[in-house]
Amino acid sequence: MNEDEIQSDLTKKTKLWERSQFEKNGNSRFGMCLVNSKSTDSLFETSKIYEPDYFPKGMSIDIITNEQNPDLPWTFRLPYRGVKKENNEPIEHLNGIKSLTKVEFETQIGRQKTDFEDAFKNVENIEFTKSDSLNLILEFDNSAQGKVKEFLELDLKIRY
């Protein structure tokens, strides 16, 4: 991580520096990229606009820092609309998983539910649950194999 770049005036509004300090400040270390579509427009109505140097002039990323509720994931969407057409990622995995079917973010117990979380109440594959830790649970293939791998140092569980 380049500390000068992440703390620069350009990048400061992203609050990525604060997120990177999760071990010290208790912020969630997780982020979420959403498809830029009509269905996500209302969520990003009041988002911050980030124009990184590596983008062409005038092209930007919409970001939601969730700085008021740092137990929620840092969230963004890219400038192009719709789902990426080309898929060049490996699809043959040694453990037999094929498709991510659910993402669950464990969030702070005792905090009021936010408008951000409410925006996902009708999205069946993204869930927010209350917990005493800020874990991310990724479920593949609807947990068809009934297996779970835990990566405690990453606050990550994978169900498949």
Side-chain angles (χ1 to χ4, degrees), residues 1-93 97-108 111-130 134-141 151 153-158:
M1 169 176 41
N2 182 325
E3 289 186 23
D4 291 334
E5 183 178 346
I6 201 169
Q7 294 181 63
S8 72
D9 288 339
L10 175 65
T11 310
K12 193 178 290 187
K13 70 174 138 191
T14 67
K15 301 297 183 187
L16 285 172
W17 170 252
E18 290 79 359
R19 289 294 174 145
S20 75
Q21 302 302 299
F22 61 87
E23 290 178 332
K24 297 175 187 169
N25 61 23
N27 285 357
S28 171
R29 66 170 76 197
F30 302 112
M32 175 169 50
C33 179
L34 299 175
V35 173
N36 187 335
S37 67
K38 188 174 179 137
S39 67
T40 60
D41 284 347
S42 62
L43 182 63
F44 285 90
E45 279 179 348
T46 59
S47 65
K48 294 181 180 182
I49 305 300
Y50 175 49
E51 295 184 51
D53 288 338
Y54 53 85
F55 270 21
K57 196 79 171 153
M59 188 177 278
S60 62
I61 299 171
D62 298 329
I63 59 171
I64 300 171
T65 63
N66 279 319
E67 62 193 283
Q68 300 302 318
N69 296 290
D71 62 314
L72 294 172
W74 187 90
T75 304
F76 71 103
R77 68 180 184 174
L78 296 173
Y80 54 86
R81 294 289 260 190
V83 179
K84 181 177 120 180
K85 303 283 188 271
E86 184 179 322
N87 187 356
N88 58 0
E89 296 181 23
I91 56 172
E92 298 292 325
H93 298 280
I97 62 173
K98 292 183 177 34
S99 179
L100 180 64
T101 51
K102 183 177 171 186
V103 177
E104 181 179 341
F105 294 94
E106 292 185 337
T107 61
Q108 202 171 52
R111 180 186 44 72
Q112 289 289 102
K113 197 170 193 179
T114 65
D115 291 342
F116 178 85
E117 291 165 288
D118 280 341
F120 296 93
K121 67 182 172 205
N122 295 320
V123 178
E124 64 185 56
N125 59 351
I126 298 175
E127 188 175 315
F128 297 92
T129 57
K130 300 295 183 187
L134 303 180
N135 290 312
L136 173 62
I137 302 166
L138 301 176
E139 179 183 276
F140 291 86
D141 305 323
F151 302 90
E153 66 281 0
L154 299 175
D155 300 326
L156 174 65
K157 295 177 189 174
I158 298 177

Atom pair CZ/CD of R111 and E117 - distance to nearest 0.5 Å: 4.0 Å
Side-chain touch N27/W74, heavy atoms, less than 4.5 angstrom: no
Geometric class of the F128/F105 ring pair [parallel <30°, tilted 30-60°, perpendicular >60°]: parallel
K102 vs E127 side-chain heavy atoms within contact, under 4.5 Å: yes
Non-hydrogen side-chain atoms of I63 and T75 separated by less than 4.5 Å: no
K130 atom NZ, neighbour heavy-atom count above 12 within 6.0 Å: yes
Min side-chain heavy-atom separation F120-V103 under 4.5 Å: no
Heavy-atom donor-acceptor pair, S28 side chain to P70 backbone, under 3.5 Å: no
Polar contact flag, side-chain donor to acceptor under 3.5 angstrom, T11-T14: no
Under 3.5 Å: donor-acceptor pair, side chain of S39, backbone of S37: no
Atom CD of Q112: over 12 foreign heavy atoms under 6.0 Å: no
Residue pair N135 / L156: nearest heavy atoms and the distance that separates them: OD1-N, 4.4 Å
Non-hydrogen side-chain atoms of S8 and W17 separated by less than 4.5 Å: no
Check: V35 main-chain N/O paired with T40 side-chain donor or acceptor under 3.5 Å: yes
K13 side chain to I49 backbone, donor-acceptor under 3.5 Å: yes
Any side-chain heavy-atom pair of L78 and N36 under 4.5 Å: no
Donor-acceptor contact present, side-chain D71 to main-chain L134, <3.5 Å: no
Approximate separation, where rounding is to 0.5 Å, of D118 CG and L43 CG: 11.0 Å
Nearest-0.5 Å distance that lies between atom CG in L100 and atom CD in E139: 8.5 Å
Derivation and outcome, side chain to side chain donor-acceptor pair (under 3.5 Å), residues S42 and E45: CA-CA 5 Å; S42 62; E45 279 179 348; 5.7 Å; no
Under 3.5 Å donor-acceptor, Q21 side chain and E18 backbone: no
Student check: side-chain heavy atoms of I64 and S47 closer than 4.5 Å: yes
Nearest atoms (heavy-atom pairs only) where E51 meets G58: OE1-N, 3.8 Å
Over 12 foreign heavy atoms within 6.0 Å of CG, N25: yes
Closest non-hydrogen atom pair between L154 and F30, with its separation: O-CZ, 3.5 Å
Any side-chain heavy-atom pair of E5 and D53 under 4.5 Å: no
Sequence neighbours excluded - salt bridge (Lys or Arg N to Asp or Glu O under 4.0 Å) pairs with any residue from residues 56-68: K15-E67, K48-E67, D62-R77
From CD1 (I158) to CD1 (I97), nearest 0.5 Å: 6.5 Å
Point-to-point distance, once rounded to the nearest 0.5 Å, from NE2 of H93 to CG of D141: 9.0 Å
Summary of salt bridge (Lys or Arg N to Asp or Glu O under 4.0 Å) pairs that have at least one residue in residues 19-40, sequence neighbours excluded: R29-D155
